[in-house]
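A quick write-up on the structure given underneath.
Order of the sequence lines fixes the chain letters, A, B, ..., with proteins taken first and strands second; residue numbering starts at 1 for each chain. Heavy-atom basis, side chains included; hydrogens, waters and symmetry copies ignored.
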Protein chains: 2
Amino acid sequence: MTKKEKRPTIKDIAKIAGVSHVTVSQALRDFSCISESTKTKVKQIAREIGYTPNLAARNLALQTPASIGMIVPTLGSETAYNEVINSLSELAAHEKLCLLLGSCNRSTELEALYCKMMCENRVGALVIASCTSDVSHIKEICDGLVPIIFIGGKTGTSVENYILPDFYNSGKIAVEHLYHLGHRKIALFLYFPDNKTLQLKKNGYLDAMEERGLEPLIYWNGENTDTFQAGFSLTEQLISRNQLPTGIWCASDLMASGVIEALKIHGIAIGKKVSVMGHDNLFFSASPSNSLTTIALPKDEIALTAMDYAKKIIAYNTDSSMPKPDCKITLKTNLIIRNSTGRLL
Amino acid sequence: MTKKEKRPTIKDIAKIAGVSHVTVSQALRDFSCISESTKTKVKQIAREIGYTPNLAARNLALQTPASIGMIVPTLGSETAYNEVINSLSELAAHEKLCLLLGSCNRSTELEALYCKMMCENRVGALVIASCTSDVSHIKEICDGLVPIIFIGGKTGTSVENYILPDFYNSGKIAVEHLYHLGHRKIALFLYFPDNKTLQLKKNGYLDAMEERGLEPLIYWNGENTDTFQAGFSLTEQLISRNQLPTGIWCASDLMASGVIEALKIHGIAIGKKVSVMGHDNLFFSASPSNSLTTIALPKDEIALTAMDYAKKIIAYNTDSSMPKPDCKITLKTNLIIRNSTGRLL
DNA sequence: TTGTAGGCGTTATCAT
DNA sequence: ATGATAACGCCTACAA
């Protein structure tokens with residue numbers, strides 16, 4: 001049970017330098033009231049004995065958060081969260097904040113556990129892409145303790161703070177793009193389980209179709225939860241029934257890539273006879289084998305907006321008497337044109 | 001400058017319950033020396049006023065780490081780190097440890113910054129998939145402060161603690177699989193920049209070819225850094241020169257998917273006339289449009305092994321006089337058979 | 001069974 | 001320019 005030798009602290013430096021630990025603290029932080037000579041001496045000693053400040057202690061004394069948290073359903077190629085994290089991690093670092101990450105592996109129990117841990121770790125703000133639309137378990141744990149920003153669309157605008165891509169507008173963008181290319185038989189492919197994000201896409205699609213006097217064609221896949229398979233089998237069915245539309249907008253890129261695969265197998269010219277669009281602009285969508293026209297999520301903007309709010313709410317919680325900031329933001333999605341759509345021949 | 005009202009502490013509970021804050025602390029942690037009645041009373045009050053323990057304070061007092069860190073070059077679909085993180089995040093949570101994540105976006109400067117932050121946050125262990133083979137900047141910052149486990153292959157076995165997939169053996173697995181299917185003209189496709197991981201794969205390939213008396217065929221792509229394009233153009237070249245091998249092992253799945261795309265365009269029957277293998281078992285490899293036979297990284301095992309070592313080194317650093325644990329581990333990769341390989345016709 | 005005293009590493013405040 | 005003291009929230013050790 002021999003304790004290992006501990007990390008050096010400012011007191012150790014103080015002892016060696018023959019000054020008080022307060023002087024050391026101030027010297028290291030370049031206080032103007034400390035003489036240059038002691039500053040250099042203190043810093044020299046700090047370097048020699050390998051001193052590293054203990055942030056836990058600092059933040060305890062300062063009563064200020066050292067980190068922000070992010071919770072995602074899962075990290076994988078079928079989601080866009082990894083790219084949000086890429087940005088958020090860097091943005092946070094520039095604010096001297098660490099990023100605490102929790103990946104739920106789709107488990108609500110884990111999600112709740114992460115929420116608890118984040119609260120106990122006093123994150124300054126918590127960015128959550130929830131696993132489910134019902135976030136009561138999250139609110140119960142975090143409310144009043146830690147400010148939450150919901151992203152990812154599962155919750156819609158039913159929460160206090162959200163950053164949402166404008167999925168409704170995506171519907172309009174998709175229809176407009178296909179219409180502009182000469183398509184009139186424009187279908188929307190959806191998958192189960194239904195959720196708020198899909199509803200918004202559907203409504204945007206429906207309104208855009210109505211504006212143009214077109215008859216909406218909405219198809220739900222049978223029972224596939226795998227959206228690639230859903231797109232694939234839906235296309236197979238429509239081909240066999242001879243009901244294939246000329247323009248297809250899929251609610252997800254994964255589904256669209258299933259559609260593309262089915263079209264290829266049947267030798268149907270993609271972007272010529274049939275145009276296909278997806279949504280999200282995931283990694284594989286850009287690959288030449290898909291070359292998928294899609295609608296990109298504003299990943300960087302989500303991270304930027306979240307960090308911006310985090311900074312504001314941390315400032316608000318730290319001192320100040322300014323009005324409490326909130327975050328109800330809808331960000332535009334962007335059309336990315338590739339080869340899977342083209343003028344109708 | 002009006003400070004917001006602070007979070008309740010054990011002292012607040014103590015005041016309300018009319019006991020000392022130590023009693024509260026022990027009651028909340030279910031010490032046997034506390035009476036049931038005070039326990040329930042204390043817990044009741046804690047719930048009512050919304051008390052959450054402050055882990056920073058607890059760990060400061062206990063001198064024990066609250067988290068582990070992980071640093072990756074980037075989070076994206078072309079790497080397997082996201083799945084390692086999925087596991088590690090959950091494993092850490094079960095040990096009551098938070099996961100601090102840093103995504104470098106390929107920047108060595110950011111990597112160094114993260115290292116510094118992780119040290120200041122006193123992570124119990126740091127899992128790093130370094131951006132570069134040279135990790136001197138990391139060692140300079142972390143050495144003696146925080147135990148590091150290198151994963152990802154960039155460093156090879158040149159570091160104190162590593163968890164490496166057995167890339168050499170992957171070469172043997174690949175050749176054996178293709179040989180077993182009747183292939184004799186078996187090529188290895190590599191991409192720039194060269195690195196230790198590629199060298200190991202190459203050596204395994206060369207030895208396996210030599211064992212069978214086969215002539216090695218190693219192709220490097222010209223100048224593409226995008227590995228999909230590298231695989232694509234390399235295949236195009238070989239086809240035009242009429243030098244296409246019957247078995248192709250690509251050092252990465254991304255490259256393999258470029259090969260598959262080129263073969264499809266030329267109408268060459270994949271898994272029949274030409275068999276293609278990749279490496280890593282990334283997300284898109286399983287998709288029906290690739291259906292790529294590949295060699296899987298032991299992602300879960302990497303996370304398990306890393307967490308296991310983290311626990312041991314934290315225990316070692318906390319108390320105890322046991323010998324210092326180390327971690328020099330090579331994990332077997334696994335053949336995943338799909339439709340891109342088949343018996344040579 | 002409960003309370004008192006002291007410490008974890010840092011910072012702010014106020015003296016000197 | 002520097003130091004003494006108290007505080008942040010929680011814990012252990014020991015005493016009552």
Which nucleotide in [options] has an atom nearest any side-chain atom of [X]:
X: L62(A); options: dC10(D), dT11(C), dT12(D); answer: dT11(C)
X: F31(A); options: dT11(C), dA1(D), dA12(C); answer: dA12(C)
X: A61(A); options: dG9(C), dC10(D), dT2(C); answer: dG9(C)
X: S20(A); options: dA1(D), dG3(D), dT2(C); answer: dG3(D)
X: L60(A); options: dT2(C), dG3(D), dG9(D); answer: dG9(D)

Next on the checklist: For a quick test of reading the model: is some side-chain N or O of T38(A) closer than 4.0 Å to OP1 or OP2 of dT2(D)?
Outcome noted: yes

Next on the checklist: If you compare every side-chain N and O of Q63(B) against the phosphate oxygens of dG7(C) (OP1, OP2), does one of them come in below 4.0 Å?
Outcome noted: no

Without decimals, in angstroms, what is the distance between [X] [atom1] and [N] [atom2]?
X: I49(A); N: dG9(C); atom1: CD1; atom2: C1'; answer: 13 Å
X: N121(A); N: dC10(D); atom1: CG; atom2: C1'; answer: 14 Å
X: N59(A); N: dC8(C); atom1: CG; atom2: C1'; answer: 15 Å
X: I13(A); N: dG9(C); atom1: CD1; atom2: P; answer: 12 Å
X: R122(A); N: dC8(D); atom1: CZ; atom2: P; answer: 14 Å
X: K11(A); N: dG7(C); atom1: NZ; atom2: P; answer: 8 Å
X: D12(A); N: dG7(C); atom1: CG; atom2: C1'; answer: 14 Å
X: N54(A); N: dG7(C); atom1: CG; atom2: P; answer: 18 Å

Item to check | Angle of first-five versus last-five pair axes in the helix from dT1(C)-dA16(D) to dT16(C)-dA1(D), to 10 degrees | outcome: 40°

Item to check | S37(B) or Y51(A), whichever maps to the more 5' nucleotide of DNA chain C | outcome: S37(B)

Next on the checklist: Please determine whether the number of non-hydrogen atoms from other residues, nucleotides or ligands lying under 6.0 Å from atom NZ of K116(B) exceeds 12.
Outcome noted: no

Checklist entry - Stepwise, does the side chain to side chain contact (heavy atoms under 4.5 Å, CB included) test hold for E90(B) with L110(A)? => result CA-CA 8 Å; E90(B) 177 163 3; L110(A) 248 188; 3.4 Å; yes

Side chain [X], main chain [Y], donor-acceptor under 3.5 Å:
X: K39(A); Y: F31(A); result: yes
X: K328(A); Y: E160(A); result: yes
X: S133(B); Y: K154(B); result: yes

Would you say the side chains of [X] and [Y] form a donor-acceptor pair under 3.5 Å?
X: D134(A); Y: S136(A); answer: yes
X: T155(A); Y: S158(A); answer: no
X: Y81(B); Y: S103(B); answer: no

Next on the checklist: Could you report the tightest heavy-atom contact between A306(B) and V127(B), atom names first, then the distance?
Outcome noted: CB-CG2, 4.1 Å

Checklist outcome for this item: So, with a heavy-atom separation below 4.0 Å from DNA chain D, the residues of residues 21-30 of chain B are H21(B), V22(B), S25(B), R29(B)

Checklist entry - Can you name the residues that form a side chain to side chain contact (heavy atoms under 4.5 Å, CB included) with T305(A), not counting sequence neighbours? => result I163(A), I329(A), L331(A)

